[in-house]
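Okay, so here's the structure we're looking at.
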Amino acid sequence: MLVTRPLAEAWLEPLHAAGLTVDVASRHEAGDPAALRARAAGAAGLLVVLGDHVDAALLDAAGPGLRVVATISVGVDHIDLEACRARGVRVANTPDVLTDATADLAMTLLLALTRRVREGEALVRGGEWQGWEPGQLLGRDIRGARVLVVGAGRIGGTFARRVHAFGARVSYHGRSPRPALDDALDARFEPDLDPALGRADVVSLHAPLTRETRHLLDARRLALLPPRAIVINTGRGPLIDEDALVAALRDGHLWGAGLDVFEHEPRVHPGLAALPNVVLLPHLGSATEGTRAAMARLATDAVVEALRGERAGEFG
Ligand code: DGY
């Protein structure tokens, strides 16, 4: 089987323990689709990550012996699920284990942005701080803020609980109501996104990336947000039209944005890096030691099960 890039040896241990022959592509090959295709030839399993594009060409390069693609991510937008299905290849992802870490990171972005942590730290580190000032770097309160969670699945629902504990008023948009959130958080289900945006001081994106959700927040929808609204995205970059986001941040319609994901990763829109009212992180949602180890364990277990002919995950 092929692992598409070097990973911690401990993470690969379950594959070795199962007696699988494990081929690990180099960092260079990982970034080169043609090289990866060549390396995949004859593989029965692929252990992949977000940056890999698992398309029909890669599946065909692996050949008819390919039985499983396991990704160390909950998101599967980098995998052509139809092409896998058509070839009888099971797809396994890593839900649940990253829920808390990713919800925590959404809170981190919200707190860092609303309390102007980046600017404050720069002031202190730059040696320019002159002492306490009543009007210095005033931020925004989370208590009482109207927070709209878009995509109230596992991660969105957990973020909703966190932000509710900070005193926010929570609403959520998704395919269907979540009575557990309604009851526990006094949350409001918003079936229609457009009017919901008009009532949100903060919108936090947790929806999966699909054809339908690409550019979910475009220029028109960003304009529906009240002036000085805040956008948080720990889901997928292409959920937002980044050109439109930069324009809305530049012209002051938005107060700020906290982004862990970008439309064209790892490229970041040059307009974003130039703005003071953004917090930008390199897709760290699930990046804790325990979470990443648990994700690797789920993915490698799925490979082992599939190659033993057992169940291999939920998309198979
Ligand atoms: C995922 O697993 O899809 C996350 O984006 C990784 O942090």
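Read the numbers this way: they start at 1 and go in the same order the structure lists the ligands and their atoms. All of these numbers come straight from a predicted model, not from anything done at the bench. Starting from 1, each residue takes its place in the sequence as its number. Because only heavy atoms are used, hydrogens play no part in the values below, and waters and symmetry mates are left out as well, while side chains stay in.
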Sub-4.0 Å atoms of ligand 1 with respect to non-hydrogen atoms of S286: 6 (C), 7 (O)
Ligand 1 atoms in contact with H283 (distance to a heavy atom under 4.0 Å): 4 (C), 5 (O), 6 (C), 7 (O)
Carboxylate-amine/guanidinium proximity below 4.0 Å for R5 and D52: yes
For S73, atoms of ligand 1 separated by under 4.0 Å from a heavy atom: 1 (C), 2 (O), 3 (O)
L98 contact mode with ligand 1 (heavy-atom cut-off under 4.0 Å): side chain
Heteroatom distance test (M295, ligand 1): nitrogen or oxygen, under 3.5 angstrom: no
Sub-3.5 Å N/O-N/O distance, I72 and ligand 1: no
Residues R85 and E82 bridged, charged N to O under 4.0 Å: yes
Basic-acidic side-chain contact under 4.0 Å: R162, D100: yes
Contacting atoms of ligand 1, where contact means under 4.0 angstrom from a heavy atom of R236: 1 (C), 3 (O), 4 (C), 5 (O)
Salt bridge flag under 4.0 Å for residues E212 and R214: no
Presence of salt bridge, R87 and D60, under 4.0 angstrom: yes
Protein residue, atom and distance nearest to atom 2 (O) of ligand 1, heavy-atom basis: V74 N, 2.7 Å
Lys/Arg-Asp/Glu bridge criterion (N-O < 4.0 Å) met for D182, R178: no
